[in-house]
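The structure's right below; bear with me while I get my questions together.
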Amino acid sequence: MKIKKVHARDMTDAMAKIKDELGKDAVILNSKNIEKGGIFGFFKKKNIEVIAALDDDRSSPKPASERRPVRTPAAAGTDTAAVSPHGGKNNSAGTHEQTAGANDRSALASEIEELKRLVLTQQTGSQNAGIYPEPLDALDSFLADQEIKSEHRMELMKELLRKWYRTDEHAPGYEEAFSWMKEALYHRLADADFSQLDYSHKYVNIVGPTGAGKTTTAAKIGAEAALNDGKSVAFITTDTFRIAAIEQLKTYAKILNAPLEVAYSIDDFREAVKKFSAYDLVIIDSAGRNFRNSQYVQQLKELIDFNEDIETHLVLAVTSKYRDMKTIIEQFQLIAIHKLIFTKVDETDSCGAMYNAVLDYGIGISYISNGQNVPDDISGTSATDLAERLMRR
């Protein structure tokens, strides 16, 4: 790998220099603003320092004068040591080759260490302001506002820089860069599972932290199944900590003409399962607790019989901090989480947490909820839809 550091007036000038030095297949590794020149600390000029790299297999062939001599087959077949003009073997040739090989290995090791350092010290967030070409800089700031994690932004920006750098015909504008970003987001989400309920599981377990909107979400899913898909629906609630939650679900169940059972123990739960054996779909509304504490997840396991016929959906409010979401998702690794449901989408302009969760944990999204109306304010999503939401201007 070749690594080149250049100083320039701006990114456009730097990229032109890198293209001349390394060719159009070079990749930007790092860039930062620097100050050069000046007298006694005054009159300094702002420049940009860019470090780029090129894989050796993509680099141009070396001039003949720089290439190492290649032994002929005859020489290789007779002796591997060089012969001196006096007829004896020149042992220094082997020594020189060993030294050259050691130097090559040392240079390669230095390049690898430099690359590691760059990855570890890569600047992110607002510190990157001004180091990308203007349209890409605006997109990076936009993704930061959407609260997309810095490492995910870095990967996206590297892809856009490659496209920018390899566009020879013209300088791409905002609309073209915007289209590139939307496409890059889509491709990273394309393999995720965004399917909704297909009724392959009889029991749907709705879990999540306090205040995420589990009970309303359970009612919305039940209403959609009953009113739109013609399914017979029943409810089981294990939320015995809040009387209001039971009353709320009873109201929804009455409107839908659906039976409801309250489970205070694992035996109650199993009894309710037997009672609702003839129904197409049984929705389980679990207690809202502080699931950042693993003991509550363990208690959930003791209250619900997680058999192979249960599909569990974890409800998260998109208005929450992503680091809190991460803790909750990781706590729920104690049970199988099949899908994520994001609520309160209408209460924020930032959707980056949904993107982060899908990429970090490989769990798909079944529904997004954008209001309190039952059953209207719930819908499925897709890779295309999420990319559109993230890039909505």
Taking the side chain as C-beta and beyond, is there a heavy-atom pair between T343 and V318 under 4.5 Å? no

Does OH in Y186 sit with more than 12 non-hydrogen atoms of other residues, nucleotides or ligands closer than 6.0 Å? no

Is it the case that more than 12 heavy atoms not belonging to N257 sit under 6.0 Å from its CG atom? no

Quick check: do L390 and I148 have side-chain heavy atoms less than 4.5 Å from each other? yes

Determine whether F178 and M181 make a side-chain contact, defined as any pair of heavy atoms from C-beta on separated by less than 4.5 Å. no

Would you please test I284 and I206 for side-chain contact (heavy atoms from CB on, under 4.5 Å) and show each step? CA-CA 6 Å; I284 304 159; I206 308 297; over 6 Å; no

Below 4.5 Å, heavy atoms only, C-beta onward: do Y203 and V273 meet side chain to side chain? yes

Test side-chain contact (heavy atoms from CB on, under 4.5 Å) applied to D285 and L260, N205, T237, the passing residue: T237

Tested for side chain to side chain donor-acceptor pair (under 3.5 Å) against S366, the lone hit among H313, Q196, E311 is H313

Take S200 and D198 through the side chain to side chain donor-acceptor pair (under 3.5 Å) test and state the conclusion after the steps. CA-CA 5 Å; S200 59; D198 59 2; 2.7 Å; yes

Side-chain donor or acceptor of K5 paired with backbone N/O of E49 under 3.5 Å: no

Under 4.0 Å between a Lys/Arg side-chain N and an Asp/Glu carboxylate O for D360 and K326? no

Less than 4.0 angstrom from a charged side-chain N to a carboxylate O is my criterion; do E183 and K163 meet it? yes

Search all heavy atoms of A353 against all heavy atoms of Y322 and return the closest pair with its distance. O-CE1, 3.8 Å

Sequence neighbours excluded, which residues qualify as ring pair (Phe, Tyr, Trp, His ring centres under 6.0 Å) partners of F276? Y279

Enter the distance from S350:OG to L143:CG here, rounded to the nearest 0.5 Å. 10.5 Å

Which side-chain N or O atoms in residues 220-228 pair as donor and acceptor under 3.5 Å with protein atoms at least two apart or in another chain?
{"residue": "K220", "atom": "NZ", "partner": "S369", "partner atom": "OG", "Å": "2.6"}
{"residue": "K220", "atom": "NZ", "partner": "G371", "partner atom": "O", "Å": "2.4"}
{"residue": "K220", "atom": "NZ", "partner": "D377", "partner atom": "O", "Å": "3.0"}

Pick out which of I363, L359, V358 makes a side-chain contact (heavy atoms from CB on, under 4.5 Å) with Y361. I363

Closest approach of A8 and D13, non-hydrogen atoms and distance? CB-OD2, 3.5 Å

Which pair of non-hydrogen atoms, one from L197 and one from Y367, has the smallest distance, and what is that distance? N-OH, 3.2 Å

Shortest non-hydrogen contact from I236 to A272? CD1-CB, 3.6 Å

Kindly compute the distance separating CD1 (I337) from CG (L314), expressed to the nearest 0.5 Å. 5.0 Å

Short side-chain to backbone donor-acceptor contact, S141 and D137, under 3.5 Å: yes

Distance, nearest 0.5 Å, that separates NZ of K321 from CE of M325: 12.0 Å

Under 3.5 Å donor-acceptor, S320 side chain and L316 backbone: no

Any donor and acceptor pair, going by atom type alone, linking the side chain of D193 with main-chain N or O of G364 inside 3.5 Å? no

Does CG belonging to D349 count more than 12 external heavy atoms closer than 6.0 Å? no

Got a donor-acceptor contact below 3.5 angstrom from the T216 side chain to the G213 backbone? no

Quick one: does K339's side chain have a donor or acceptor within less than 3.5 Å of a partner on S195's backbone? yes

Are D229 and Y199 side-chain neighbours, meaning at least one heavy-atom pair lies under 4.5 Å? yes

Could you check L256 against F235 for side-chain contact (heavy atoms from CB on, under 4.5 Å), going step by step and ending with a plain yes or no? CA-CA 11 Å; L256 296 173; F235 293 96; 4.1 Å; yes

Looking at every non-hydrogen atom in both residues, tell me the closest pair between I328 and P209 and how far apart they are. CD1-CG, 3.7 Å

Could you check E155 against R188 for side-chain contact (heavy atoms from CB on, under 4.5 Å), going step by step and ending with a plain yes or no? CA-CA 10 Å; E155 290 301 317; R188 281 164 174 73; 4.2 Å; yes

Is the shortest heavy-atom distance from the side chain of L160 to the side chain of L139 under 4.5 Å? yes

Gap separating the CG atom of L185 from the CE atom of M391, nearest 0.5 angstrom: 6.5 Å

Side chains of F342 and T381: does their closest heavy-atom pair fall under 4.5 Å? no

For side-chain contact (heavy atoms from CB on, under 4.5 Å), just list the numbers for I48 and V50, CA-CA rounded to whole Å, side-chain angles, deciding distance to a tenth of an Å, and then say yes or no. CA-CA 6 Å; I48 188 169; V50 179; 4.0 Å; yes

Rounded distance (nearest 0.5 Å) linking atom CZ of R323 with atom CG of N356: 13.5 Å

If I compare all heavy atoms of I310 with all of H338, which pair ends up nearest, and what's the gap? O-CE1, 3.4 Å

Using the salt bridge (charged side-chain N to carboxylate O under 4.0 Å, His left out) rule, pick out the option among K250, R270, K275 that qualifies with E261. K275

Could you tell me whether the side chain of I341 reaches within less than 4.5 Å of the side chain of I368, counting heavy atoms only? no

Once the angle between the rings of Y355 and H152 is folded into 0 to 90°, is it parallel (under 30°), tilted (30 to 60°) or perpendicular (over 60°)? perpendicular

Interatomic distance, S382 atom OG to E388 atom CD [nearest 0.5 angstrom]: 9.0 Å

